[in-house]
Amino acid sequence: MSLPDPTVTERYAKAGQLSKERLFEAILKL
Amino acid sequence: MDPLTGADYPDFEGVLARIRAVPGDKIHFFEISDVIQPTAAAPLLKGSEYDAYHAADPDARALFTWSICGRCLPLVGKNAGDDVRGPEDLGGARAAEIFKAVLDTGFRGTSSFPSGTPATSSRAPADTSSHPRPQARVRSRSSSSST
């Protein structure tokens with residue numbers, strides 16, 4: 001099995017962090 | 001939601017109630033994704049962009065196909081946000097309300113935000129050979145404590 005493209009992994013890690021921040025912002029508005 | 005009709009949760013408050021009924025100290029790990037609303041484009045087998053993927057394994061449950069192909073990061077969208085065309089692509093499974101229900105249990109453990117693989121995120125997968133069924137997922141490594 002080949003290793004994942006590190007640039008893709010980094011992009012998804014940043015997107016995951018953004019998702020977390022937006023989720024908490026949304027929760028605070030509920 | 002129903003991938004075949006686009007119908008929303010029949011009893012979303014019931015879903016939240018069942019989550020809140022779980023003791024928080026019995027939850028050891030929480031992983032959340034979102035999914036594209038079937039009504040954002042077209043329901044499965046009614047012209048959706050995932051119809052070809054589903055046709056490769058017609059015995060698969062519709063919800064399985066939709067959860068693989070339509071999975072996205074909550075409030076960010078598919079392909080780490082690169083495939084977002086509008087608000088409808090940010091996810092329609094009410095992930096924030098689900099997440100809040102989990103936190104309402106008292107859970108303060110580790111959570112993660114997997115979003116599927118780039119291979120399952122491309123739009124209009126007319127050729128299923130370029131849209132393989134996932135063997136292993138590239139996961140967001142943004143796990144964190146939710147405290």
Side-chain angles (χ1 to χ4, degrees), chain A, chain B residues 12 16 20 30-35 71-84 87 89-104 107-108 110-122 132 134-147:
Chain A
M1 187 175 76
S2 60
L3 293 172
D5 180 342
T7 61
V8 173
T9 303
E10 182 179 356
R11 190 163 60 89
Y12 270 70
K14 288 179 180 176
Q17 177 68 25
L18 180 61
S19 177
K20 182 177 69 175
E21 293 169 2
R22 288 180 176 177
L23 268 174
F24 278 114
E25 288 174 8
I27 286 172
L28 291 174
K29 293 176 182 174
L30 291 175
Chain B
F12 188 67
L16 296 179
R20 292 190 184 109
F30 178 63
E31 184 175 287
I32 189 168
S33 293
D34 209 326
V35 71
R71 182 178 304 184
C72 67
L73 274 169
L75 304 176
V76 169
K78 293 189 69 174
N79 195 15
D82 285 0
D83 286 352
V84 172
D89 286 336
L90 296 180
R94 302 168 73 170
E97 290 165 85
I98 297 282
F99 197 2
K100 182 178 185 301
V102 172
L103 295 176
D104 286 346
F107 169 74
R108 294 295 183 272
T110 299
S111 54
S112 74
F113 304 82
S115 59
T117 67
T120 60
S121 299
S122 61
Q135 299 298 313
R137 295 187 296 170
V138 176
R139 293 187 174 203
S140 153
R141 296 294 183 190
S142 60
S143 300
S144 70
S145 168
S146 57
T147 53

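Chain A is the first sequence line, chain B the second, and so forth, proteins listed ahead of strands; every chain is numbered from 1.
No side-chain heavy atom of A/Lys20 sits under 4.5 Å from any side-chain heavy atom of B/Val76. With contacts defined as side-chain heavy-atom distances shorter than 4.5 Å, the pair B/Leu103/A/Phe24 qualifies.
When all heavy atoms are compared, the tightest approach of A/Ala26 to B/Leu75 is CB-CD1, 4.0 Å. Considering every non-hydrogen atom in both A/Ser19 and B/Pro74, the closest pair reads OG-O, 2.7 Å. Here the closest heavy-atom approach between residue B/Leu73 and residue A/Ala15 is recorded as CD1-CB, 3.4 Å.
Contact count against chain A (heavy-atom pairs under 4.5 Å) is highest for B/Asp82 among B/Asp34, B/Asp82, B/Ile32. Of the listed residues A/Glu25, A/Glu21, A/Arg22, the one with more heavy-atom pairs under 4.5 angstrom with chain B than any other is A/Arg22.
Between atom CG of residue A/Leu23 and atom NZ of residue B/Lys100 there is a gap of 13.5 Å, rounded to the nearest 0.5 Å.
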